[in-house]
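Below is one structure, written out as structure tokens; comments come after it.
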2 protein chains.
Amino acid sequence: MACQSVGEVDGTPYGAAGPMCSRDVSAGFPQPGHDHHPCRLRFVAGAEAVCREKGARLTRVRRQVLEILAASHRPLGAYDILEQMVSTSPSGRRPAPITVYRVLDFFQELGMVHRLSSRNAFFLCSQGGHRQTMPFWLCRECDTVTEASLPELEMAMPRRAAELGFSPISVQVEVEGVCPHCRARGRDPVMVEGCR
Amino acid sequence: MACQSVGEVDGTPYGAAGPMCSRDVSAGFPQPGHDHHPCRLRFVAGAEAVCREKGARLTRVRRQVLEILAASHRPLGAYDILEQMVSTSPSGRRPAPITVYRVLDFFQELGMVHRLSSRNAFFLCSQGGHRQTMPFWLCRECDTVTEASLPELEMAMPRRAAELGFSPISVQVEVEGVCPHCRARGRDPVMVEGCR
DNA sequence: CGTGAAAATGTGACACTATAACGTTTCTCT
DNA sequence: AGAGAAACGTTATAGTGTCACATTTTCACG
Ligand SMILES: [Zn+2]
Ligand SMILES: [Zn+2]
Ligand SMILES: [Zn+2]
Ligand SMILES: [Zn+2]
């Protein structure tokens with residue numbers, strides 16, 4: 001039901017900051033302040049494609065949430081989204097929290113939205129769904145999240161699991177640190193392999 | 001302040017189910033229903049050692065929380081701990097939630113307690129603190145958590161981070177699945193490399 | 001010893017995150 | 001059109017975590 005591999009849009013994973021979107025892009029980390037318009041279009045077009053493909057209904061509420069998520073490379077809390085729904089919506093009506101959560105569940109089922117559990121926040125998958133374990137790289141400075149695979153992890157996990165006699169069902173990797181752009185702008189913090 | 005490597009107690013990482021603790025132990029996954037008494041003693045002794053070593057005060061409240069965490073291989077929610085403090089305490093007084101969180105923060109600073117962010121739950125570190133990125137293996141059936149390293153991850157993470165221009169500060173890996181004991185007792189679920 | 005500063009805890013209020021239960025609307029398919 | 005399913009609305013409530021400030025405990029120092 002979830003996690004199906006989905007093609008790219010335009011040959012570009014649709015969240016990645018492509019050449020149209022920003023010049024100085026370090027390996028997929030969007031430049032803060034870049035022209036986000038093309039990103040947004042790509043995000044939304046990609047999501048529409050996924051929904052079409054899977055026969056899922058992209059209703060008004062869902063589209064609204066999608067647009068809000070697509071308008072940012074940062075993970076948003078459910079209540080952030082809710083606030084933006086109020087200010088975005090022409091009617092100015094305030095949906096109940098459950099409405100937001102329902103939409104988020106829907107998108108998560110389709111693998112189109114990920115949840116950053118360390119922050120209770122949600123963001124659009126930049127790939128439109130994927131089978132692999134995709135680590136999330138979260139910048140502590142600018143709050144940007146990107147997804148970048150870690151092939152060694154893919155390789156090692158099944159082996160290690162077998163060794164332990166453990167059957168993995170899902171793997172969540174969250175890397176917190178400082179993105180290239182923020183690093184360029186300030187002193188970098190001490191590199192620590194976190195144990196917390 | 002956190003994440004310092006600390007020696008073992010007795011030559012055994014103090015959460016691991018050792019030979020005294022359970023006969024049939026698959027690579028550190030404690031047998032459900034095993035005699036937990038020795039585990040608990042080892043946990044507490046280990047924690048005392050860490051506190052002595054670091055000059056941290058192991059007060060009454062902290063010891064109480066420690067005992068509660070040590071009494072289980074399962075992660076506990078802050079409010080679970082709170083309830084147990086009520087029923088455990090001779091006075092039967094109910095501390096405020098903040099008290100529990102303060103204690104948990106304290107132990108986390110020392111690297112003695114980890115937080116499972118996918119579940120808002122906490123558990124005792126079985127090593128008494130460690131520098132490496134230590135994946136958490138959470139059994140969906142019995143809720144047991146264990147820590148087992150993934151050496152390839154240690155190797156690959158810095159390289160990949162450098163590639164991305166990203167400076168990691170902390171890494172959290174949570175693997176959810178079915179532990180060997182539960183697997184032995186039932187059908188195993190489909191193995192999926194999670195994307196959610 | 002006292003005593004003062006720092007650490008730890010208590011107290012009450014409150015913010016934030018998420019879900020339950022049930023009724024109504026909208027869509028789809030025949 | 002009509003039935004059934006899916007989506008959404010409404011209200012209430014459960015669960016998780018923090019703030020601000022008062023009080024107590026601990027510990028080093030004179
Ligand atoms: Zn993704
Ligand atoms: Zn950044
Ligand atoms: Zn640990
Ligand atoms: Zn199990």
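Computed over heavy atoms, backbone and side chain alike; hydrogens, waters and symmetry mates excluded. Lettering follows sequence order; numbering is per chain, from 1.
Residues A:E152 and B:M155 form no side-chain contact, since every pair of their non-hydrogen atoms from C-beta on lies 4.5 Å or further apart.
Here the P atom of nucleotide C:dT28 and the CG atom of A:L58 are 12 Å apart, to the nearest Å. In this entry the distance linking CG of A:L82 with P of C:dA18 reads 12 Å, nearest Å. One atom, CG of B:L104, and another, P of C:dA8, lie 15 Å apart when rounded to the nearest Å. To the nearest angstrom, C1' of D:dA7 lies 16 Å from CZ of A:R63. Protein atom CZ of A:R119 is 15 Å distant from nucleotide atom C1' of C:dC16, rounded to whole Å. Taking atom CD of residue A:E83 and atom C1' of nucleotide C:dC16, one finds them 12 Å apart after rounding to whole Å. Atom CG in B:D80 sits about 14 Å away from atom C1' in D:dA14, given to the nearest Å. B:I81 places its CD1 atom 16 Å from the P atom of D:dG15, with the value rounded to the nearest Å.
Taking the nucleotide of DNA chain C with the nearest heavy atom to each of B:N120 and B:R62, the more 5' of the two is matched to B:R62.
Looking at heavy-atom distances under 4.0 Å, B:R93 makes contact with sugar-phosphate atoms alone, never a base.
Across B:M134, B:Q127, B:H130, a single residue satisfies side chain to side chain contact (heavy atoms under 4.5 Å, CB included) together with B:S149, and that is B:M134.
The OG atom of B:S118 sits 12.5 Å away from the CG atom of A:L116 when rounded to the nearest 0.5 Å. We find the CZ-CZ distance between A:R40 and A:R42 to be 12.5 Å, quoted to the nearest 0.5 Å.
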Would you check, one step at a time, whether the test salt bridge (charged side-chain N to carboxylate O under 4.0 Å, His left out) holds for B:E163 with B:R159?
CA-CA 6 Å; B:E163 213 171 274; B:R159 194 194 50 67; 2.5 Å; yes
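Between B:H73 and B:H34, a ring centre-to-centre spacing shorter than 6.0 Å is recorded.
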Could you list the protein-to-nucleotides 18-29 of chain D atom pairs, N/O on both sides, closer than 3.5 Å?
from   : atom 1 : to    : atom 2 : distance (Å)
D:dT26 : O4'    : B:R57 : NH2    : 3.4

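The residues A:E109 and A:K54 are annotated as not salt-bridged, no charged nitrogen and carboxylate oxygen being separated by less than 4.0 angstrom.
Picking from C:dT9, C:dA18, D:dT10 the nucleotide with the shortest atom distance to the side chain of B:T59 gives C:dT9.
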